[in-house]
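Any value given below was found using the heavy atoms of this structure, including those in side chains, with hydrogens, waters and symmetry copies removed.
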Amino acid sequence: MSGVNVNRSAAPETASPVARSAIRKVSVRLVPFVALMFFINYLDRTAIGFAAPNGMNGDLALSAAQFGFASGVFFIGYILLEVPSNLALHRFGARKWLARIMVSWGIVALLFTWVQNFEQLVALRFLLGVAEAGFFPGAILFLSLWVPSQYRGRILMLFYLAQPLTTVIGAPLAGALIQQHGVFFGLEGWRFMFMGVAIPAIIVGLVAWFYLKDKPADAKWLTPEEQTWLTGALDAEFKEDTSKHPSVKHAFKSGRVWALSFIYFGFIYGLYALAFFLPTIIDGFQAAAGTEFDVFEKGLITAIPYLPAAIAMYFWSRDASKRGLKTWHIALPAVLGAVSIPLALLAASPVTTIAVITVTACAIFAALPNFWTLPTRFLTGAAAAAGVALINTVGNLAGFSAPYITGAVHDWTGGYELAMAVVGAFMLLSAVLMVALARRDKRAPAEADLTEATAS
């Protein structure tokens, strides 16, 4: 069963000159800036992973389990405030609220420069989650207010490219900052790194207040014809959406929403286990292989898996767009990730280890943009907002549990082999659920909430 065509107007290739011009301007003026915001967002929340093996764990006397808990507690604050933050975004406007979120998390992130013990680290990680709450769904909502549905897949892919590129660029950057030990008022390198990645959030947040606009009608860089076309296309979609599953209650009672939530959980479990512990794993296997790297070289090695991941995400999403989204566009990457990540620690050399981890990173990032096209294909209006929030919340539970469980299992076993096997098991569960969900809908299409876009 092939994926259905969900376009509601002319395909991008056959769109009018005004439509093409409007979308091109939005892609150039807004998407790179919002992607930059996402880049800084992901770097700030994962900076602790770079600091851990480069002085922080030793200076604060942290065990692997304590580091894992401090890494994961971020998501408790994030989850608790995500819904209220999104309600505030609707009330005050996406532009103002996204700017406020950036400045707030930048201030909290800056305080990590002076953290003194485990308790302070946990408190700041919790507050960072509170400050960042609502940013990701808020950014998705902001872009959806500018781009009609038939263009959102491409826009979302371009936006999501910021996540793997955060590590491609951010890991060497973090390594370079950590090397500046004692340069700035005697600060340890890892403390200076926290300062260096926090300040851009404050600056870009202030710029966002003036640079972003809430809707096409406010954008002076669009012609009147482009403003009229965008506003008309978006208004027409909104009126159509209100007739399909507008109930928040519908989203929370939908078995398919919960299934998608657990599928997303597996991917996010793998993503954050990789993000928080890859620098530590690199620090360990260099000793086992009799090799020594400096901090900047470790940053470059950490970045290696993510450049191919960005390329894989681009071409995999492009294939899904051309063929129509199929079950295997999501299930196959989940299987590859499930198999590859436990095998990484069985590799005989650093080169082989990084090669296998690269397969894992490619698998995770190839699946994520395609996954996020699913909820809005069977939910719209308020139900879509609630469904996306629920799926994102369950995924962020993995953001808490992955680093904590990984650290605890390491302390229990003395290695990362079993911990990575757990990561693989969760990703395999995502693949199984994806296939089961598609087969269920194929057997009972009349009762399905999930569209044919998930069926192979």
Side-chain angles (χ1 to χ4, degrees), residues 42-75 108-126 128-129 166-167 170-181 187-198 271-288 292-303 305-306 344-345 350 353-354 357 399-416 419-420 423:
Y42 192 70
L43 182 60
D44 279 348
R45 73 169 63 178
T46 56
I48 190 173
F50 302 119
N54 294 299
M56 185 188 75
N57 280 3
D59 290 348
L60 303 184
L62 302 179
S63 67
Q66 285 178 318
F67 165 69
F69 181 81
S71 299
V73 77
F74 163 93
F75 293 95
V108 175
L110 187 61
L111 296 177
F112 280 80
T113 306
W114 299 282
V115 66
Q116 297 297 319
N117 52 49
F118 171 66
E119 291 75 18
Q120 291 179 8
L121 183 66
V122 169
L124 286 176
R125 286 289 295 177
F126 177 82
L128 186 64
T166 298
T167 308
L173 173 63
L177 292 173
I178 289 170
Q179 283 186 320
Q180 309 309 309
H181 186 84
L187 286 175
E188 293 89 343
W190 64 270
R191 295 183 186 276
F192 183 71
M193 184 270 296
F194 275 123
M195 176 183 291
V197 299
L271 176 65
Y272 281 107
L274 209 62
F276 288 126
F277 282 92
L278 180 56
T280 302
I281 292 171
I282 290 172
D283 199 54
F285 74 55
Q286 68 173 356
E292 190 68 34
F293 305 108
D294 63 32
V295 177
F296 182 71
E297 289 171 333
K298 290 177 187 176
L300 289 175
I301 295 169
T302 301
Y306 292 92
L345 297 182
T353 301
I354 290 298
I357 289 175
F400 167 73
S401 57
Y404 180 66
I405 292 174
T406 301
V409 172
H410 172 273
D411 286 350
W412 177 45
T413 62
Y416 283 104
M420 293 299 106
V423 177

Contact check, side chains of [X] and [Y], non-hydrogen atoms, under 4.5 Å:
| X | Y | answer |
| --- | --- | --- |
| F67 | L121 | no |
| F50 | M56 | no |
| V423 | M420 | yes |
| V197 | F112 | no |
| D59 | W190 | yes |
| L60 | F118 | no |

Run the side-chain hydrogen bond (donor to acceptor under 3.5 Å, both in side chains) test against [X] and tell me which residues pass, sequence neighbours left out.
| X | result |
| --- | --- |
| E188 | R191 |
| D44 | W105 |
| N117 | none |

Atom [atom1] of [X] and atom [atom2] of [Y]: how far apart are they, to the nearest 0.5 Å?
| X | Y | atom1 | atom2 | value |
| --- | --- | --- | --- | --- |
| N54 | I178 | CG | CD1 | 4.0 Å |
| D411 | T406 | CG | OG1 | 11.0 Å |
| F75 | L128 | CZ | CG | 9.5 Å |
| T46 | L271 | OG1 | CG | 9.0 Å |
| L177 | L187 | CG | CG | 12.0 Å |

Handout entry: Heavy-atom donor-acceptor pair, S63 side chain to Q66 backbone, under 3.5 Å
Key =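 Present.
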
Exercise for the section: For the pair R125 (side chain) and V73 (backbone), establish whether a donor and an acceptor sit closer than 3.5 Å, ignoring hydrogens and angles. Expected result: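 Checking the backbone N and O of V73 against the side chain of R125, no donor-acceptor pair under 3.5 Å is found.
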
Exercise for the section: Identify the heavy atoms of V409 and A419 that sit nearest to each other, and give their distance. Expected result: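 Answer, listing the atom of V409 first, then A419: CG1-N, 3.6 Å.
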
Problem - Closest non-hydrogen atom pair, A64 against H410 - result: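 In terms of heavy atoms, the two residues are closest at CB-ND1, 3.5 Å.
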
Exercise for the section: Check whether more than 12 heavy atoms from other residues, nucleotides or ligands sit under 6.0 Å from atom CH2 of W412, and answer yes or no. Expected result: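 Not buried by this count: 12 neighbours or fewer within 6.0 Å.
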
